[in-house]
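This report refers to the structure that appears directly beneath it.
Values below: every heavy atom of this structure, side chains too, minus hydrogens, waters and symmetry copies. Keep in mind that this is a model prediction, so the values were computed, not measured. Numbering of residues begins at 1 and proceeds along the displayed sequence.
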Amino acid sequence: MTQKHAFYAQSGGVTAVINASACAVIETARRYPNQIGKVFAGHNGILGALREELIDTSYESEETIGALIRTPGGAFGSCRYKLKSFAESEAEYRRLIDVFQAHNIGYFFYNGGNDSMDTAWKVSQLSEKLGSPLTCIGIPKTIDNDLAVTDNCPGFGSAAKYLAVSTKEASHDIASMCDTSTKVFVLEVMGRHAGWLAAATGLAARKDSDPPHIIVFPELALDKKKFLKKVHETVSNEGYCVIVASEGAKYDDGSFVSASTTVIDSFGHQQLGGVAPALCTMIKQALGYKYHYAVADYLQRSARHIASRVDVEQAYAVGKAAVELAVSGHNAVMPAIVRESDLPYRWAIKAVPLEHVANFERKMPLSFISDDGFNITPACREYLEPLIEGEEYPPYLNGLPRFARLRKVFVDKQLNTPFPGP
């Protein structure tokens, strides 16, 4: 019997280094030709499997696959599509198994966050029951840094580095003009429930008076009176105030400072965004200061030009480990990052059960937030600093970074019935 093929898919919001994990999966699988045949990548994530749109990576050269390590975004396409429980979505799970059977796929590598780990775990359990056992390995990824068990998540370090650098650079700009112009600058960053990205901007400060002067975390309710007092004191003392606000900032009653009441995403969440202008309006009305704001949005997760070297190395390591775990007989596990020491920073990879990761969300410990609620503690700095260490610049051509260009040759479809979903 021929070797089983592997299916790899990217899920959810992409990162500056998710393709480093893809690179590792494909390169490592090619080193095990007796166990793994080809690696098929899902076009637009798990939808690629459901729609039977599989990209045959064997048509990509070693040079092109190697170039993925320096390429941002999701090279094969990602999606926000959550499989529900088997009882609710039996047809989808059966469709997955049918596609995998039709293409002799025995390995499933799912590169994503909480929901992806849940899907990989469910598929591993159900494939056995449905008579077509699969080896399912989750590969961690998320700039939110909110996956359980692992010390940190690939993708976070590079986003954290970009935001810390941007905060530091913008702060010099504001400081230059504050006497006769802008007094307040607000940077809005991602983070619905976990303030890891907001916290990372605190690395820009080396002493208490350095910006960012105020960080608004989703873990703590925003007290308007306390917040405005801090803004006023900072402008009075420093001449200007730099604020970083998580998009998930909330009031005491649990309502978001800014969120759409009509736009709901594919996971049933209110679409967030607009906390920066909301805070600026609040400041203008109460204190009258001139302001500017910026929304990092996709920039923070796509900034490969300033990626953290540690982050790139870890993203590659979890992809490599995923394949090695699969061929050595592991199933329903995720390669997690284990911190062995802070100084010097040392880390390792270990396998953890998917069921210990799926649907768990790790928020920032309150011990990482200063007593006044507006900055980070030394313990937080000690945790964050190693994750943004080092630079891993892509090669440049004509002043711009060079990224991988894939051929994307699709596998011939074997099933007669199309997927009825999106």
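- A heavy-atom distance below 4.5 Å is found between the side chains of Arg339 and Pro386.
- Dense packing is recorded around NZ of Lys413, with more than 12 heavy atoms of other residues, nucleotides or ligands lying under 6.0 Å away.
- More than 12 heavy atoms of other residues, nucleotides or ligands lie within 6.0 Å of OH in Tyr345, so this atom counts as buried by the packing criterion.
- Put simply, CD on Glu52 and NE2 on His43 are 14.5 Å apart, with the number rounded to the nearest 0.5 Å.
- Using the six-membered ring where Trp is involved, His305 and Tyr162 have ring planes that are perpendicular, over 60° apart on the 30 and 60° scheme.
- Counting non-hydrogen atoms of neighbouring residues, nucleotides and ligands closer than 6.0 angstrom, the OH atom of Tyr293 reaches no more than 12 such neighbours.
- Stacking of Arg95 on the aromatic ring of Tyr93 is not recorded, the 6.0 Å distance cut-off and the 45° axial limit not both being met.
- Side-chain contact check for Tyr289 versus Val235: some heavy-atom pair is nearer than 4.5 Å.
- Looking at Asn375, its side chain does come within 3.5 Å of a backbone N or O of Pro212 through a donor-acceptor pair.
- Around atom CG of Asn398, no more than 12 heavy atoms belonging to other residues, nucleotides or ligands sit under 6.0 Å away.
- Lys363 NZ: 12 or fewer foreign heavy atoms inside a 6.0 Å radius.
- With a 4.5 Å cut-off on side-chain heavy atoms, Pro154 and Ile337 count as touching.
- When every heavy atom of Pro277 is checked against every heavy atom of Glu188, the shortest pair comes out as CD-OE1, 4.0 Å.
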Let's go through Leu96 and Ile46 carefully: what are the C-alpha distance in whole Å and the side-chain angles of both, what is the deciding distance for side chain to side chain contact (heavy atoms under 4.5 Å, CB included) to 0.1 Å, and is it a yes or a no? CA-CA 9 Å; Leu96 280 179; Ile46 197 68; 4.0 Å; yes
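- With no hydrogens or angles considered, a side-chain donor-acceptor pair links Ser61 and Thr64 at under 3.5 Å.
- The structure places CD1 of Ile137 at 7.0 Å from CG of Leu354, a figure rounded to the nearest 0.5 Å.
- Side-chain N or O atoms of Ser181 include none that pairs as donor or acceptor with a backbone N or O of Cys178 at under 3.5 Å.
- Side-chain contact check for His103 versus Leu54: some heavy-atom pair is nearer than 4.5 Å.
- Looking at Asn237, its side chain never comes within 3.5 Å of a backbone N or O of Thr234 through a donor-acceptor pair.
- For the residue pair Tyr316 / Glu27, a side-chain donor-acceptor distance below 3.5 Å is found, with atom types taken as modelled.
- A side-chain donor from one of Glu88 and Ser85 sits under 3.5 Å from a side-chain acceptor of the other.
- With contacts defined as side-chain heavy-atom distances shorter than 4.5 Å, the pair His5/Ile36 does not qualify.
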Would you please test Thr201 and Thr167 for side-chain hydrogen bond (donor to acceptor under 3.5 Å, both in side chains) and show each step? CA-CA 6 Å; Thr201 66; Thr167 300; 4.5 Å; no
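- Expressed to the nearest 0.5 Å, how far CG of Asn44 lies from SG of Cys79 amounts to 7.0 Å.
- Between the side chains of Asn152 and Gln314, at least one donor-acceptor pair of N or O atoms lies under 3.5 Å.
- Side-chain contact between Phe76 and Thr57: present, with at least one pair of heavy atoms (C-beta onward) separated by less than 4.5 Å.
- Distance alone, capped at 3.5 Å, places no donor-acceptor pair between the Thr182 side chain and the Val184 backbone.
- Using a 4.0 Å cut-off between charged side-chain N and carboxylate O, Arg362 and Asp146 make no salt bridge.
- Under a 3.5 Å cut-off, the side chain of Glu385 and the backbone N or O of Leu203 do not form any donor-acceptor pair.
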Side chain to side chain contact (heavy atoms under 4.5 Å, CB included) for Tyr291 and Leu279? Distances and angles first, verdict last. CA-CA 10 Å; Tyr291 63 81; Leu279 292 177; over 6 Å; no
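- You'll find the side chain of Val244 stays beyond 4.5 Å of the side chain of Val216, heavy atoms only.
- Here the side chain of Asp223 pairs a donor or acceptor atom with the backbone of Lys226 at under 3.5 angstrom.
- Taking both residues in full, the closest heavy atoms of Ala160 and Ile388 are given as CB-CG2, 3.9 Å, listed atom of the first, atom of the second, then distance.
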Should Glu391 and Lys161 be marked as a salt bridge (charged side-chain N to carboxylate O under 4.0 Å, His left out) after you check the CA-CA gap, both sets of side-chain angles, and the distance that decides it? CA-CA 10 Å; Glu391 290 71 50; Lys161 187 180 185 78; 2.8 Å; yes
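- In this structure, Ser127 contributes its side chain and Val123 its backbone to a donor-acceptor pair below 3.5 Å.
- Nearest heavy-atom pair, Cys136 versus Ala120, reported as atom, atom and distance to 0.1 Å: CB-O, 3.5 Å.
- For the pair Lys224 and Tyr251, the distance from NZ or CZ to the six-membered ring centre is under 6.0 Å and the angle to the ring normal is within 45 degrees.
- Using a cutoff of 4.0 Å between basic side-chain nitrogens and carboxylate oxygens, Arg94 and Asp98 are not scored as salt-bridged.
- Of all heavy-atom pairs between Ser21 and Tyr8, the closest is C-OH, 4.4 Å.
- Side chain of Asp372 to main chain of Phe374: a donor-acceptor pair is present (N/O by atom type, distance under 3.5 Å, no hydrogens or angles).
- Here the straight-line distance linking atom CZ of Arg402 with atom CG of Leu397 works out to 5.5 Å at 0.5 Å rounding.
- Of the charged side-chain nitrogens involved, none lies within less than 4.0 Å of a carboxylate oxygen, so that Arg70 and Glu392 do not count as a salt-bridged pair.
- Counting non-hydrogen atoms of neighbouring residues, nucleotides and ligands closer than 6.0 angstrom, the CZ atom of Phe410 exceeds 12 such neighbours.
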Show the numbers, then the answer: is there a side chain to side chain contact (heavy atoms under 4.5 Å, CB included) between Lys320 and Ile349? CA-CA 10 Å; Lys320 178 175 181 285; Ile349 301 290; over 6 Å; no
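- The minimum heavy-atom distance linking Lys168 with Ala204 is given by the pair NZ-O, 3.5 Å.
- Taking the six-membered ring where the residue is Trp, the centroids of Phe368 and Tyr383 are separated by under 6.0 Å.
- Contacts of Lys250 classified as salt bridge (charged side-chain N to carboxylate O under 4.0 Å, His left out), with partners at least two apart in sequence or in another chain: none.
- Glu60 contributes no side-chain N or O that, together with a main-chain N or O of Leu406, makes up a donor-acceptor pair within less than 3.5 Å.
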As a quick check of understanding, evaluate side chain to side chain contact (heavy atoms under 4.5 Å, CB included) for Arg304 and Val312, giving each step before the final call. CA-CA 10 Å; Arg304 182 58 186 80; Val312 174; 4.0 Å; yes
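- Annotation: Glu63, atom CD; neighbour count of heavy atoms from other residues, nucleotides and ligands within 6.0 Å does not exceed 12.
- Between Thr119 and Tyr81, every side-chain heavy-atom pair lies at or beyond the 4.5 Å cut-off.
- Remark: Leu134 CG to Leu126 CG distance equals 10.5 Å, nearest 0.5 Å.
- Between the Ser158 side chain and the Ser308 main chain, a donor and an acceptor come within less than 3.5 Å of each other.
- The aromatic ring centroids of Phe100 and Phe7 lie less than 6.0 Å from each other.
- Of the N and O atoms on the side chains of Asn359 and Asp118, at least one donor lies less than 3.5 Å from an acceptor on the other residue.
- Separation of the Trp121 and Tyr110 ring centroids does not fall under the 6.0 Å cut-off.
- Across every non-hydrogen atom of Leu163 and Gln300, the tightest pair is CD1-OE1, 3.5 Å.
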